[in-house]
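What follows is a set of notes on a single structure, which appears directly below.
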There are 2 protein chains.
Amino acid sequence: MTSPAAFAATAVLLADPARAAMLTALLSGEALTAGELARVAGIGAPAASAHLARLAEGGLIAVQPQGRHRYHRLASEEVAAMLETLGGLTEAVSPARRWPHGEAFRTARLCYDHLAGRLGVALHAGLTGRGWITPAAGGWVATEAGEAGLAALGVDLAAARGARRFACDCMDWSERRAHLSGGLGREIAACCLRRHWITRIPAEREGDPLARRRLRVTPEGARRLGEALGIAA
Amino acid sequence: MTSPAAFAATAVLLADPARAAMLTALLSGEALTAGELARVAGIGAPAASAHLARLAEGGLIAVQPQGRHRYHRLASEEVAAMLETLGGLTEAVSPARRWPHGEAFRTARLCYDHLAGRLGVALHAGLTGRGWITPAAGGWVATEAGEAGLAALGVDLAAARGARRFACDCMDWSERRAHLSGGLGREIAACCLRRHWITRIPAEREGDPLARRRLRVTPEGARRLGEALGIAA
DNA sequence: ACGGCGCTTCGCCGCGGAGCGAAGGACAGG
DNA sequence: CCTGTCCTTCGCTCCGCGGCGAAGCGCCGT
């Protein structure tokens, strides 16, 4: 009964344009209601309901009812990483056909709950280059200098350590290099957003599934990140 | 025109059962003809031809004409890793519905061109545990002790270094841990097969796309691998 | 308690694509 | 040069799934 190709079951869920749009919107890390996701996908409520049921059944998203709303989010960090990796393959195959959001999107964006794009890659390079993190089996650990530096920036290291994985590489499809994932990646992104070093770019048009992921570095953020980690705006 | 979800284009290629069976067969690392792949997928020659054209167009496989045959192989190591990762997600979601080949398949198999399953994970653990390889940004490098040990086993280190990446982690879906990929992973697998420490298990029934990937450790192999790296059969 | 809203279920329609059979190139061997 | 083999292209049929409208269910506000 079970298909000999385990990946096919998951692939059919990703293959539909409406479901793909929903998952892309959820890559922003936000929890969205069924209605919002229906608008994002450009379909009616009944169709969206059916799609979300299938995504939940396939373990790609998690649902939490709250009053008369039902909030949906990606089921895990692995799902987010898988989506980014798969998107990167397409990019590698045909760099010619760049999607319309290309440049703006490559500068800075969210990958689920951590920073990606040129900003994410620069952050990764800054952390490793200054010796704030060092490789360990299965990922990265913070050095003494790193703990001090990150704490000075306002990163919640205790929260980062609470994650299943402290820090690991996540392939950045647009830059073709690794950026930082795991608890540390999440807390750094949260810290930057909290301090308004980075802000979300509001959607120009309603229902753009990518819009929620685009980020802008504020002047204050450029200064602080440049001083601490040598990241150029 | 371009879909906002870059991954959807690749996903549709993986979502069809016939194409999935073909890709699974190609995960053995062998180059197969269109006819062989048609039998594996259980479809006629015309359908297979159309599927293979789409897979090539999508950059998932590479084709090399040779006489009146056309040999097909996976386009790159990234494709193989992506397929294994995607398959692992399914496994994580519903560990209850294990596929029929479960146990035999989890013991030892090929992941494209390197070893996977319990054997692959044990190899990874042996290499790191004995300090033969040590983490570096973007993967692993061999230590002095590792170079000596691997050369003594008969692994072609020069060939391994010729690969785009010397050694990196590839997620093992069945064990939920990393096994070794990259040039070193390939050369270790090649060495074990060449020396008949490991042999391919012949397919019981024609057209099983998984059959080509199953491996068995020979008594000689168990002895040598146990001595060198503490790998239990 | 009642109306409103969000979401789901049901029934039906339409389209895309996956399959085969038949016919048309391309290549090796005699 | 002809024959057999391997693969592709073409024309066609058919099933599956994604879409909507209508109706049903559950939770909130007043």
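Chain identifiers are assigned alphabetically (A, B, ...) following the order of the sequence lines, protein sequences preceding nucleic acid strands; residue numbering begins at 1 within each chain.
Taking side-chain N and O atoms only, B:Arg70 has a distance below 4.0 Å to OP1 or OP2 of D:dT8. One finds a side-chain N or O of B:Arg54 lying less than 4.0 angstrom from the OP1 or OP2 phosphate oxygen of C:dA18. The side chain of B:Arg68 places no N or O atom within less than 4.0 Å of a non-bridging phosphate oxygen (OP1 or OP2) of D:dG4.
A straight line from CG of A:Leu37 to P of C:dG6 spans 14 Å, rounded to a whole angstrom. The nearest whole Å value for the distance from the CZ atom in B:Arg19 to the P atom in C:dG19 is 8 Å. Counting to the nearest Å, the P atom of D:dC17 and the CG atom of A:Leu13 are 12 Å from each other.
Of the residues A:Leu74, A:Ile61, A:Val79, A:Val63, the one that meets the side chain to side chain contact (heavy atoms under 4.5 Å, CB included) test with A:Leu55 is A:Ile61.
Using a 4.0 Å heavy-atom distance criterion, B:Ala45 is classed as a base contact.
At most 12 heavy atoms of other shown residues, nucleotides or ligands fall within 6.0 angstrom of atom CZ in B:Arg216. Taking a 6.0 Å sphere around CZ of A:Arg195, one finds it holds more than 12 heavy atoms contributed by other residues, nucleotides or ligands.
With the nearest nucleotide of DNA chain C identified for both B:Pro46 and A:Ala53, A:Ala53 has the one nearer the 5' end.
With D:dG19, C:dG19, D:dT8 as the choices, the nucleotide that has an atom nearest any side-chain atom of A:His51 turns out to be D:dG19. Distances from the side chain of B:Ala47 to the nucleotides D:dC6, C:dG19, D:dC20 place C:dG19 closest.
For the pair A:His114 (side chain) and A:Tyr112 (backbone), a donor-acceptor distance under 3.5 Å is absent.
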